[in-house]
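Reminder, nothing fancy here: chain letters follow the sequence lines and each chain counts from 1.
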Amino acid sequence: VPAPAPPAEPAERRFRDIFGARSVVGALVVVGVLSLFAVALPALDDAVRKSSGFETGGVYVVSPTVSFTPADGWVIEPEGTIKGLVVTASKNGWTMKVNGALTLTPGQSVGDFAKVFRDGDKQLDGITQVGELEPFTTTSGANGVTWSSHGPTQAAQEWDVAQGSTVAQMRADGSAANLAAVQGELDAMAKSIVITAAAAGAGS
Amino acid sequence: VSAETPPSSAFSGQPTGRPSFIDLQSFVFWVVVVVVGYGFIHTYSAITGAPIMAVQPGIGWLALVLWLLYGAAFLAIVYAHQLFVRRSPLITVAALLWGGFVAVWFAAQANSAVQDIFNHWFALDFNDRWGTAIAAATNEETLKLLGLVALVLLPLAGVRTMLDGWFYGSMIGLGFQLVEDYTYTIQNSGDNADVFGFVFTRGFVGGIWSHAIYTGIAGAGVGYLVSRRDRPWLTRIGVAVGLFAVAWFFHFLWDIPLLNDWIGDSMLSKVAVFLIKGVPALVTLLIIVRIGRNHERAVWSAFVDGTIDRSIVSDAEATALLDRKGRRAARKAVAQAKGRKAGRLQKHLQYAQLRYVQSVAEEGVGSNSAAEEQARVQELRGLIAAM
């Protein structure tokens with residue numbers, strides 16, 4: 001019995017070439033579409049974030065009663081932002097939130113108010129040391145308190161300032177390793193918080 | 001129908017070559033290898049980094065075993081739906097890997113970016129109502145289908161028919177489904193009961209009409225586009241785009257909460273929603289597979305008539321092989337005449353004849369594989385005759 005003849009290879013298989021059009025163009029198509037999803041879309045997202053972020057040097061109105069001056073490079077995070085109430089922004093692995101919709105209860109001081117949140121820090125995973133409340137005054141003259149919390153990798157800082165019954169709360173969380181890079185900007189933004197006169201007057 | 005441009009098929013008359021995923025002469029192959037590896041590393045990191053894996057690794061293992069069993073059962077069902085061609089196991093694995101590691105990982109990046117953009121552009125609840133569904137259907141369906149396009153671009157893979165597109169598309173969808181569901185399970189389970197619950201709800205209640213179905217539908221369109229050279233270009237493109245749109249719509253429909261809100265939140269309502277959203281997708285796929293199979297049957301039959309030695313597959317046997325009913329009837333007739341063991345041997349004979357036809361189609365009548373199958377057919381025929 002003669003050995004079976006080798007099958008005839010179809011042209012499509014015989015003339016394969018790694019530098020042929022089907023190989024090169026095909027690979028470019030696959031890489032191009034993947035890049036669209038993995039590079040172009042995130043880049044567009046980044047551009048949209050920046051374009052809809054803070055205006056350089058401008059004052060950002062958080063709520064009808066609270067505003068502040070954002071530092072350069074902080075990008076608004078839409079997930080944590082509710083227009084007219086709260087704004088969340090991020091930079092260098094840090095996230096900061098300014099809440100302009102809080103008020104003191106009758107008889108409550110800003111220190112009492114802050115203590116509730118400071119006690120909450122003690123329960124947080126990754127936080128091992130919670131600092132004492134320290135007095136804090138904004139450039140516009142509103143008084144409040146601030147404290148810092150730390151852990152092996154995480155850190156947090158909070159500033160609570162009040163005028164009348166209105167409280168402006170600025171909270172920042174992020175990587176302890178990057179704190180130095182944003183510390184000055186966080187301090188400056190906290191200092192820039194303004195509680196408008198319209199809000200003051202309810203008294204506590 | 002143009003006689004000059006017959007549809008592309010494994011049964012086209014000339015040997016097409018045995019399909020293979022490994023094609024060192026193609027950049028596409030190397031791109032697929034690299035991105036599968038890239039996706040695997042990221043997916044592995046995400047899975048091993050899940051908090052539950054550090055605290056209760058047993059949950060991770062249980063989920064892995066259950067989802068693998070689920071995947072094996074799903075694969076077996078889809079595999080059994082191949083009537084005339086047994087598709088390459090290696091290409092099947094490549095399709096599963098693309099779906100599980102490439103499509104899942106890249107879609108996660110894209111979904112996150114698109115939803116973020118929607119958050120900037122639209123009202124807060126837009127994502128909940130529409131955005132998540134639009135992003136998922138668009139990104140995931142495109143990325144899954146890209147895997148099939150990559151296979152089409154590999155000359156050795158030989159994706160040539162509508163049913164090739166359906167089969168490998170389904171495998172890509174199944175891979176996607178398994179990795180996504182496994183990741184979801186370990187990220188949301190607190191104990192073993194949760195794992196069983198997720199496998200039931202995501203696997204059986206929601207998984208039967210999920211990614212494997214969507215990509216199967218869209219894949220059939222790509223298969224039609226590349227194979228039906230007897231049809232005008234516009235028709236082929238129209239079918240491919242149309243089936244992608246159908247797959248996109250079913251995916252979108254599954255993800256939007258609109259119907260869920262209207263119908264309510266009771267268990268019965270949830271089942272009703274699953275059925276309303278899922279059954280049309282499954283029925284659509286079954287219709288598409290039926291159309292593809294009818295075409296494959298006609299091409300196979302013509303190939304057998306024109307090429308196959310009738311001493312290996314007789315006219316009556318070829319007719320019986322055309323559908324499952326005929327095959328069962330032939331086995332039953334042999335079993336009634338010569339006993340149950342002969343009926344079982346007849347089943348093996350039918351498979352050997354199908355493999356023979358496929359070997360002749362892919363490697364030629366003089367190939368070693370055709371000779372092996374021919375010998376097997378003759379051996380089985382002798383065994384049955386001796387009973």
Side-chain angles (χ1 to χ4, degrees), chain A residues 1-53 75-86 88-90 125-126, chain B residues 8 12 14-18 20 23-32 34-35 38 102-103 105-121 124 127 135 138-139 142-143 145-147 149-150 152-156 158 359-360 362-371:
Chain A
V1 179
E9 280 257 62
E12 186 182 62
R13 298 167 78 102
R14 266 183 282 134
F15 300 117
R16 284 180 302 117
D17 174 10
I18 195 159
F19 295 111
R22 180 166 176 164
S23 166
V24 174
V25 176
L28 287 175
V29 166
V30 175
V31 171
V33 176
L34 286 175
S35 302
L36 177 72
F37 287 93
V39 180
L41 275 178
L44 176 65
D45 176 32
D46 219 31
V48 170
R49 274 167 179 256
K50 282 178 182 159
S51 68
S52 61
V75 175
I76 292 178
E77 297 290 345
E79 304 86 40
T81 299
I82 305 171
K83 279 181 183 156
L85 299 174
V86 177
T88 302
S90 64
D125 288 340
Chain B
S8 169
S12 58
Q14 291 296 317
T16 52
R18 179 138 291 191
S20 169
D23 190 350
L24 307 180
Q25 290 282 75
S26 170
F27 270 126
V28 179
F29 167 76
W30 293 109
V31 167
V32 171
V34 169
V35 292
Y38 177 82
V102 180
W105 173 253
F106 282 85
Q109 314 310 307
N111 288 348
S112 165
V114 172
Q115 287 172 28
D116 210 23
I117 291 167
F118 286 158
N119 266 330
H120 280 95
W121 285 348
L124 271 176
N127 262 337
T138 307
N139 299 332
T142 309
L143 283 162
L145 201 63
L146 182 65
V149 171
V152 167
L153 289 167
L154 287 173
L156 293 193
S359 292
V360 172
E362 290 177 347
E363 301 189 81
V365 72
S367 64
N368 287 330
S369 64

- request: Just give me the residue among B:Val152, B:Val149, B:Val35, B:Asn139 that pairs up with chain A most often, heavy atom to heavy atom, under 4.5 Å.
  value: B:Asn139
Side chain to side chain contact (heavy atoms under 4.5 Å, CB included) partners of B:Ala113, counting only residues at least two apart: A:Leu41, A:Pro42, A:Asp45
field: Segment of A:Leu28 engaging chain B (4.5 angstrom heavy-atom cut-off)
entry: neither
task: Please determine, among A:Leu36, A:Val39, A:Asp46, A:Leu34, the option with the most heavy-atom pairs under 4.5 Å with chain B.
output: A:Leu34
message: Ignoring hydrogens, what is the shortest heavy-atom contact between A:Gly26 and B:Leu153? Give both atom names and the distance.
response: CA-CD1, 3.6 Å
task: Specify which of B:Asp116, B:Val28, B:Val102 makes the most heavy-atom pairs with chain A at under 4.5 Å.
output: B:Asp116
- prompt: To the nearest 0.5 Å, how far apart are CH2 in B:Trp30 and OG in A:Ser23?
  reply: 11.5 Å
query: What closest approach, in Å, do A:Phe37 and B:Leu143 show between heavy atoms, and which atom pair accounts for it?
result: CD1-CD2, 3.8 Å
